[in-house]
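Since the structure comes first, as structure tokens, the remarks are kept for the end.
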Amino acid sequence: MAETIITIVTVAISAAPMIIIGIVQYNSKEPVGFWSGKEPPKREQITDVKAYNRKHGIMWIVYGLGYFPWFVPMIIFGEKYVLIYMALFLIECIGGIFVMIAYHNKLDRRYLKK
């Protein structure tokens, strides 16, 4: 039981920054960025700042919440399949980043003025 609680707390601490970033981006009035160290686009470069920010925010929130589903089977079935759970978690973490990059590029193509 202690391992389960420690894992839940660890996952929550790991997911919280992504969810917070998503909430901040969702509510931002100025265009948001995606890449660390890269300046976000200027307001005049985007066709719909509100939609651009909200979609980026939702992307981060979904990524953060995606840290939790892999944990549910562990609660139901126990730690018998821990390697499968860890594989699912790594797929979420690493695969999720690639999905986010692709989605960010799609949003740039859709909302950045040509």
Side-chain angles (χ1 to χ4, degrees):
M1 184 59 162
E3 296 89 3
T4 302
I5 293 170
I6 291 169
T7 304
I8 290 171
V9 170
T10 304
V11 170
I13 290 170
S14 300
M18 273 73 75
I19 295 168
I20 292 168
I21 288 170
I23 292 168
V24 169
Q25 286 192 349
Y26 187 89
N27 293 313
S28 180
K29 303 291 183 222
E30 293 301 315
V32 297
F34 179 71
W35 303 102
S36 177
K38 183 180 175 192
E39 290 292 318
K42 305 283 186 237
R43 179 177 279 283
E44 52 276 352
Q45 293 175 306
I46 300 177
T47 58
D48 187 349
V49 174
K50 186 175 182 178
Y52 182 80
N53 289 351
R54 288 187 175 210
K55 288 182 180 183
H56 271 92
I58 290 169
M59 173 184 69
W60 279 101
I61 292 168
V62 167
Y63 180 67
L65 292 175
Y67 277 40
F68 292 97
W70 69 270
F71 185 67
V72 174
M74 191 164 77
I75 293 172
I76 296 170
F77 301 113
E79 296 180 16
K80 183 178 178 181
Y81 304 106
V82 71
L83 291 177
I84 294 172
Y85 309 141
M86 293 309 297
L88 292 173
F89 181 68
L90 287 173
I91 290 169
E92 158 58 24
C93 291
I94 297 167
I97 291 170
F98 288 108
V99 170
M100 288 174 59
I101 291 168
Y103 188 65
H104 165 73
N105 290 335
K106 178 181 176 181
L107 292 176
D108 276 356
R109 286 190 304 275
R110 182 172 182 185
Y111 289 104
L112 289 180
K113 293 178 182 175
K114 311 275 189 273

If you measure from [atom1] on [X] to [atom2] on [Y], what distance do you get to the nearest 0.5 Å?
X	Y	atom1	atom2	answer
W60	Y103	CH2	OH	14.0 Å
K42	K113	NZ	NZ	14.0 Å
I23	S28	CD1	OG	13.5 Å
L65	E92	CG	CD	9.5 Å
Q25	R54	CD	CZ	13.0 Å
L90	Y85	CG	OH	15.0 Å

Determine the minimum heavy-atom distance between V49 and P31, stating which atoms define it.
CG1-N, 3.9 Å
On a heavy-atom basis, which atom in P40 and which in G33 lie closest, and how many Å separate them?
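So the minimum-distance heavy-atom pair works out to CB-N, 3.5 Å.
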Residues joined to V62 in its hydrophobic cluster, side chain to side chain under 4.5 Å directly or through other members, sorted by chain and number, are Y26, I58
Quick one: side chains of residues 11-19, donor-acceptor pairs under 3.5 Å with protein atoms, not counting sequence neighbours, listed by atom name and distance.
from: S14; atom 1: OG; to: T10; atom 2: O; distance (Å): 2.9

Same apolar cluster: [X] and [Y], side chain cutoff 4.5 Å:
X	Y	result
I84	I91	no
L107	I97	yes
I8	F89	yes

With distance as the sole test, does N53 use its side chain to make a donor-acceptor pair with the main-chain N or O of E30 at under 3.5 Å?
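Between the backbone of E30 and the side chain of N53 there is a qualifying donor-acceptor contact (under 3.5 Å).
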Report yes or no: does T47 contribute a side-chain atom to a donor-acceptor pair with the main-chain N or O of Y111 at less than 3.5 Å?
yes
Show your working on side chain to side chain contact (heavy atoms under 4.5 Å, CB included) between M59 and Y63 and close with a plain yes or no.
CA-CA 6 Å; M59 173 184 69; Y63 180 67; 5.8 Å; no
Among K106, R110, H104, which one satisfies side-chain contact (heavy atoms from CB on, under 4.5 Å) with D108?
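The single option meeting the side-chain contact (heavy atoms from CB on, under 4.5 Å) with D108 is H104.
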Taking only residues two or more places apart in sequence, or in another chain, which ones meet R109 in a salt bridge (charged side-chain N to carboxylate O under 4.0 Å, His left out)?
none
Should W35 and I101 count as side-chain neighbours, where that means a heavy-atom distance under 4.5 Å?
yes
